[in-house]
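The figures that follow rest on heavy atoms only: side chains count, while hydrogens, waters and symmetry mates do not. Throughout, protein chains are lettered first and strands after them, A, B, ... in sequence-line order, and every chain is numbered starting at 1. These numbers were taken from a predicted model, which means no experiment stands behind them.
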Number of protein chains: 2
Amino acid sequence: MEQDIKVSVDAVVFGYDPEPKVSVLLIKRKFAPYQGEWAIPGGFVKNHESLEHAIYRELTEETGIIMDYLEQLYTFGHPNRDPRSRVISVAYFGLVRPDTYKIGAATDAEKAEWFDINDLPPLAFDHQNILNKAIDRVRAKITYEPIGFELLDERFPFSDLENLYSTLLGRPIDRRNFRKKILSFGMLDELDEKVSRGAGRPANLFKFNKERYFQLKSEGILFEI
Amino acid sequence: MEQDIKVSVDAVVFGYDPEPKVSVLLIKRKFAPYQGEWAIPGGFVKNHESLEHAIYRELTEETGIIMDYLEQLYTFGHPNRDPRSRVISVAYFGLVRPDTYKIGAATDAEKAEWFDINDLPPLAFDHQNILNKAIDRVRAKITYEPIGFELLDERFPFSDLENLYSTLLGRPIDRRNFRKKILSFGMLDELDEKVSRGAGRPANLFKFNKERYFQLKSEGILFEI
DNA sequence: TCAAAAGTGTTAGAGGTACACCCATGG
DNA sequence: CCATGGGTGTACCTCTAACACTTTTGA
């Protein structure tokens, strides 16, 4: 008997809104099954495109967003995960910076919206599983690879980084120890620029130095929180 | 245009032969393409079986081996990775214990053989990529999860564990510090049994206590080398 | 001048790393 | 009795974790 299995790609796209909260991009489904329900963006792979190309294409079509970081997460293949037919889904997770985030939030054309990861609507298919796995992965990954910077503006005050980590990890962090540790890696450039956000002393801006990171990595010096 | 993509599963199965060396199970292909060349075992997924079921089935059919540990690795989907048509492969890696290992080595029925990971033949398709990724993953994973025990007999002398780690990590380890650290987790039961292997003082046997491991894990105590 | 956020050092304790000799057995 | 692999303790040093006050600005 001929194999009859469809292949789709789906992406859990994270954004960081320095309220602080971590958000996920969801779309409202236009067609059955699960019509009118929320789902993570994605769709079927075309015959001659790569999986990465497919996910970029779908995200552009459905949400207009462009990710700053993308990584394969897991492949979900349970035989009954789609009520129509056998569909396996190669899931990815993506990270976007706040400026992109803002644009995405305005793109109502396709009915895409950001949701706080602690306040999600019910999701179509097995998308809650996918989302849970993505959250676990991001949480674990920010402790040993510097992917957190992909959720911040290119130039950011140190407190944004602090808040991102303590929000994602779900626990308070010691500001002094955290700053000491991060700066000791020498992967951040301190800029001669300050930013003031309402009350309080203005903060110095920092920039993640990717070249320096790769150099240090090749010397065996690892990022780790 | 209708989607026409095939889905296969492939598994990189590791065994540990306390020579010491780490081996991978390969099969010699019977049919084109790449007829007569070595490849990692795998095959097409049936319409109504799960991906895990598919990989277990294929491994039984092709090599007669039963894995002690299996984990999804990555999904390879480049449009040209199979010369016949579009095929995406969900890759897994598996670990087997030496007793299973021995049986597998004898199962010549399907022309399956073990190869030292440092002395491999050229591989069909993109299987070298898959293998590289699997090796990287296993190497990284044994440092933060106790999967190494799935490569040893249920009861093993401590030196087997030492040799496994130093072989996989590709560097010498300090015997005293390693033993101190591993035993400090309290995940190993020391048995009242010794084993003698040729010359030298007989070694005490140990056993990995899985229940204790999960208990400690739930208390937040993590395995880490 | 007050509220709010940024910036900054020290100390005690835990954990990691380096290191060498004796023990038990088989041949 | 000798070759081979098994088993063990200590000291230094680095890294982590705990902890509170001063500075700079906007309102």
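Rounded to whole Å, atom C1' of D:dG7 lies 10 Å from atom CD of B:E190. Rounded to whole Å, the distance from CZ on B:F178 to P on D:dG6 is 13 Å. Distance, A:E224 CD to D:dA17 P: 11 Å, rounded to whole Å. Spacing between atom CZ of B:R179 and atom P of D:dG7 amounts to 5 Å, rounded to whole angstrom units. In this structure, NZ of A:K181 is placed 7 Å from C1' of D:dT16, rounded to the nearest angstrom. Protein atom CZ of B:F158 is 11 Å distant from nucleotide atom P of D:dG6, rounded to whole Å. Summarising the geometry, the separation between CZ on A:R201 and P on C:dA6 is reported as 10 Å, rounded to the nearest angstrom. Spacing between atom CZ of B:R176 and atom P of D:dA11 amounts to 13 Å, rounded to whole angstrom units.
DNA chain D is contacted by both A:G198 and B:E162; B:E162 maps to the nucleotide lying nearer its 5′ end (nearest heavy atom per residue). Taking the nucleotide of DNA chain C with the nearest heavy atom to each of A:G200 and A:R175, the more 5' of the two is matched to A:G200.
At a threshold of 4.0 angstrom between heavy atoms, the contacts of A:R197 with the nucleic acid are absent. Across all strands, B:D174 comes closer than 4.0 Å to base atoms (heavy-atom distances). Residue contacts shown for A:K180 include a base, since a base heavy atom lies under 4.0 Å away.
For D:dA18, the base has a donor-acceptor partner in the side chain of A:N177 [N/O atoms by modelled type, under 3.5 angstrom].
A tilted orientation is assigned to the rings of A:Y213 and A:F208, their planes being inclined by 30° to 60°. The aromatic rings of B:F156 and B:F149 are tilted relative to each other, their planes meeting at an angle between 30° and 60°. Ring orientation note: the planes of A:Y74 and A:F76 are nearly perpendicular, at an angle over 60° on the 30°/60° scale.
A cation-pi geometry, defined here as NZ or CZ lying under 6.0 Å from the six-membered ring centre and within 45° of its normal, does not hold between A:R155 and A:F206.
The pair A:D153-A:R97 does not count as a salt bridge, with every side-chain nitrogen at least 4.0 angstrom from each carboxylate oxygen.
The side chain of A:S159 places no N or O atom within less than 4.0 Å of a non-bridging phosphate oxygen (OP1 or OP2) of C:dA5.
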